[in-house]
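We count residues from 1, following the sequence as given. Below, each value reflects all heavy atoms present in this structure, side chains not excepted, and no hydrogens, waters or symmetry copies.
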Amino acid sequence: MNHRKTHFVFYLLILFSCLKYNPSHAQNNRSAAKKLYQKALVSFDEQQYEKCIPLLEKSMQTDPNFIDPILTLFQINLDLKKYTAAIPLFNKALQLDAMVSFPYFIKQATAFASIGDYTKAKELILGNLNNEKMTADLKGKALNFLTICNYAIAHPSNEEISIHNLGDSINTSAPEYFPYFSMKDSVLFFMRKLNIRREDFYTSILSTTGFTKAKLLEDSINFADKKGSVSFLPDMQTLYFAADYPEQGYGRYDIYKSTKAGIHWTTAKNLGRNVNTDYWDSAPSISPDGKALYFSSNRPGGLGGIDLYVAFKNEKGGWEEAINLGPQINTSGDEQTPFIHANNNSLYFSSTGWPGYGGADFFVTHQKIDGNWTIPLNLGYPINTFDNEGSIAVASNGMDAYIASDRSDSRGGLDIYKVTLSKATRANKKFFLKGVIKDANSKKAIPAMVNLVDPADQSSFTKIEVDSNGQFIFALPYLDSVGISITSSFYEEANRTITSTSFDNDNTSNQEFYLNAIKKQFTQTFKNILFATNTATLLAGSEKELNELVSYLIAQPTATILIEGHTDNTGDANKNKILSLGRAKSIAQFLMNHKIQAQRITTIGYGDTKPIASNDTEQGRQQNRRTTFTISIPK
């Protein structure tokens, strides 16, 4: 797989068109310089730059006004990522012939953007937008470049980010890419491309002194010439990878599974038609629980050229048909190299469709509580640059990542780099929502029901019951906002929306809720107070509702309570009155046993004298058998 950008053909087409445009290049007085230049072009075509560059420099010395070798050397330096050397060459060519040099202003802007100077790149583009030689195609490229510059200027280099090449133990003159770091943060796997056909898996161990010298993974999974990225389950005993096995797959690349048997890997097994197609399916990333497989595919029906897909494992252990991750993640561009983090809700990937710094950038999206994904967030500069970024793996600590990138300090093409992510783009294991619920007047803790809801439609997705200590804690996956509703007997409901900005650096949000009493005086009927038949003895199961009442009375120390007992008209009226009073006093005794002063409690037994329904039916009589209480709070 070749991630390196090659601009030679484009450069030569522009150069030759310029040569045709300006016949002065054939003047006899520069014949020596032209001969040197022609020799340089032969080496240029063969990409023998060590021979080409000295010939170009000699041609420039022979005739300093000969523009062709200047522009060619400018192009070579761009491709070799020697941007600081390329910039003055364009300026020199511009002084010699502004008309011939004009089509190259986009490439000069590329040089500035590639060293992170998007401001100068923007100035150069704006200075040339209205040039009369501007073609429609070139203007379209310039306007697109201007959009990139505006984004980069608005999102400058992040000081929290660090990046460094992993060095000679990992990187060589061959391209290295598709890094994967074990969940225990100890083993690095990656791909090395030895020639135009051969790709092999390599591995290195992280020791106290750094990574060991990478070794070829000598096993059957390296059988195929062409392979893709790897992904392991946490125990490192199951491996998923992409490969182009001759006559074994459905399409150009398919995704395979292999398991560890002793010290060797079993023969790779194709994941089948629900995952693989007749097209390109690659870059698998298995979730830590093994239930979801994320990958890239160019199959028809996507939103762009290459999209991200996910397949879920069913109860029988097979894979359901893969589904497109949709417009929350995929664009009209290319989304590739997904990596699902150890927290199982942070998904990293590369994209050419979301706003960024130039080519393919790295992004992160987090799965919310409702299953949807957050808007992808660019990992920032200098992780992302004007060039294409290849593939990424994020360590389980959520802070460190390993990327494949082609930079000025690369050993050869793509190298593996270690980066420190900014805090905003790290894989957060959990968000902790902590809270305490108190009476607004006394500031004492009270019991309540805590209900988490979706702010969009107020639908509930989880709830917990909080006891009299008033404290609660939720461990939540990534969220951008969550609604919280607090209800408690005798209190007004409290509602609040918690956003991601409410969480501190430890991913914790501490909330306090102060609930107001419903009103100064109110009456309620006990719903779950149970007595033995024809007695005033409280039965088990009554404590919950009575404990809530105790908590309320403790939180409202000035409140008084009137407890009233009622019966139906069955039996002797005098006995009914005694029974109703006895039941009211049983409740009063429970309150006093729980430190509610006797002087705050009044009891009355009404017997059957205050029915609220007809005693002619069993349903009516059941409604009449009740115990009520009235709370009064002095003003």
Side-chain angles (χ1 to χ4, degrees), residues 160-162 166 178-191 201 203-206 211 228-242 255 257-260 283-296 308-313 325 329 336-350 362-369 371-374 376-377 379 383 391-404 416-432 474-479 500 503 505-508:
E160 295 176 344
I161 294 172
S162 65
L166 284 187
F178 287 146
Y180 178 87
F181 203 46
S182 67
M183 197 167 294
K184 294 182 179 180
D185 294 350
S186 58
V187 184
L188 177 69
F189 295 83
F190 62 93
M191 183 73 71
F201 296 122
T203 181
S204 175
I205 308 297
L206 180 60
F211 283 100
S229 59
V230 298
S231 183
F232 292 83
L233 286 179
D235 62 5
M236 303 299 290
Q237 300 299 301
T238 303
L239 164 67
Y240 293 83
F241 66 100
I255 298 172
K257 172 188 175 182
S258 180
T259 56
K260 198 74 174 286
S285 181
I286 188 71
S287 63
D289 60 7
K291 296 180 179 180
L293 181 73
Y294 300 85
F295 62 96
S296 302
L308 298 189
Y309 289 78
V310 62
F312 295 103
K313 187 172 286 186
L325 284 181
I329 293 176
Q336 298 192 68
T337 60
F339 179 84
I340 186 68
H341 186 259
N343 67 8
N344 207 16
N345 62 22
S346 296
L347 181 66
Y348 293 83
F349 62 97
S350 70
F362 292 125
F363 293 82
V364 62
T365 177
H366 305 281
Q367 193 165 34
K368 298 187 288 186
I369 300 171
N372 291 316
W373 296 91
T374 60
L377 181 63
L379 296 196
I383 294 175
S391 44
I392 185 170
V394 180
S396 59
N397 65 15
M399 179 177 68
D400 299 324
Y402 297 85
I403 67 171
I416 307 296
Y417 290 78
K418 181 180 179 180
V419 302
T420 299
L421 300 173
S422 67
K423 291 179 180 179
T425 62
R426 292 174 186 172
N428 302 300
K429 293 185 176 181
K430 290 293 180 182
F431 277 71
F432 294 99
F474 289 96
L476 305 172
Y478 187 91
L479 54 85
S500 58
F503 291 83
N505 292 335
D506 294 325
N507 302 324
T508 301

Inset, instruction - Would you indicate whether the side-chain heavy atoms of Phe339 and Val394 approach each other to under 4.5 Å? - result: yes

Inset, instruction - For the residue pair Phe189 and Phe178, establish whether any side-chain heavy-atom pair is separated by less than 4.5 Å. - result: no

Legend entry - Sub-4.5 Å side-chain heavy-atom contact between Leu233 and Leu239: no

Inset, instruction - Please round to the nearest 0.5 Å and tell me the distance separating atom NZ of Lys418 and atom CG of Leu206. - result: 7.0 Å

Legend entry - Reported OH-to-CD1 distance for the pair Tyr417 and Ile392, which is rounded to 0.5 angstrom: 14.5 Å

Inset, instruction - May I ask you to decide if the ring planes of Trp373 and Tyr294 are parallel, tilted or perpendicular, using 30° and 60° as cut-offs? - result: perpendicular

Legend entry - Validation row: Ser296, Leu308 side chains within 4.5 angstrom (heavy atoms): yes

Inset, instruction - Could you tell me the separation between the OG atom of Ser285 and the NE2 atom of His341, rounded to the nearest 0.5 Å? - result: 10.5 Å

Inset, instruction - Would you confirm whether the ring centroid of Phe232 sits within less than 6.0 angstrom of the ring centroid of Tyr180? - result: yes

Legend entry - Atom pair OG/CD1 of Ser231 and Ile340 - distance to nearest 0.5 Å: 10.0 Å

Inset, instruction - State, with a plain yes or no, whether a side-chain heavy atom of Ser391 is found less than 4.5 Å away from one of Ser350. - result: no

Inset, instruction - Applying side-chain contact (heavy atoms from CB on, under 4.5 Å), run through Lys368 and Thr374 and close with a yes or a no. - result: CA-CA 7 Å; Lys368 298 187 288 186; Thr374 60; 3.7 Å; yes

Legend entry - Leu347 and Ile329: CA distance, side-chain angles, deciding distance, side-chain contact (heavy atoms from CB on, under 4.5 Å) verdict: CA-CA 10 Å; Leu347 181 66; Ile329 293 176; 3.9 Å; yes

Legend entry - Straight-line distance of Gln237 CD to Ser258 OG, nearest 0.5 Å: 10.5 Å

Inset, instruction - Spell out, as yes or no, whether a donor-acceptor pair under 3.5 Å connects the side chain of Tyr309 to the backbone of Leu293. - result: no

Inset, instruction - Would you indicate whether the side-chain heavy atoms of Phe312 and Lys291 approach each other to under 4.5 Å? - result: no

Legend entry - Heavy-atom closest contact (Phe295 atom, Pro284 atom, distance): CB-CA, 4.0 Å

Legend entry - Modelled atom types, side-chain donor and acceptor of His366 and Ser346, under 3.5 Å: yes

Legend entry - Atom pair NZ/CD of Lys423 and Glu160 - distance to nearest 0.5 Å: 5.5 Å

Inset, instruction - Fit a plane to each ring of Phe211 and Phe181, take the angle between them on a 0 to 90° scale, and name the class: parallel (under 30°), tilted (30 to 60°) or perpendicular (over 60°). - result: perpendicular

Legend entry - side-chain contact (heavy atoms from CB on, under 4.5 Å) assessment of Met191 paired with Ser229: CA-CA 7 Å; Met191 183 73 71; Ser229 59; over 6 Å; no

Legend entry - Nearest heavy-atom neighbours spanning Ala283 and Ala242: N-CB, 4.0 Å

Inset, instruction - Would you name the heavy atoms of Ala404 and Ile416 that are closest together and state the gap between them? - result: CB-CD1, 4.3 Å

Legend entry - Qualifying residue for side chain to side chain contact (heavy atoms under 4.5 Å, CB included) with Arg426, from Val364, Asn397, Thr420: Thr420

Inset, instruction - Could you check if a side-chain atom of Phe363 sits within less than 4.5 angstrom of a side-chain atom of Phe349, using non-hydrogen atoms only? - result: yes

Legend entry - Minimum side-chain heavy-atom gap Ile161-Leu421 below 4.5 Å: no

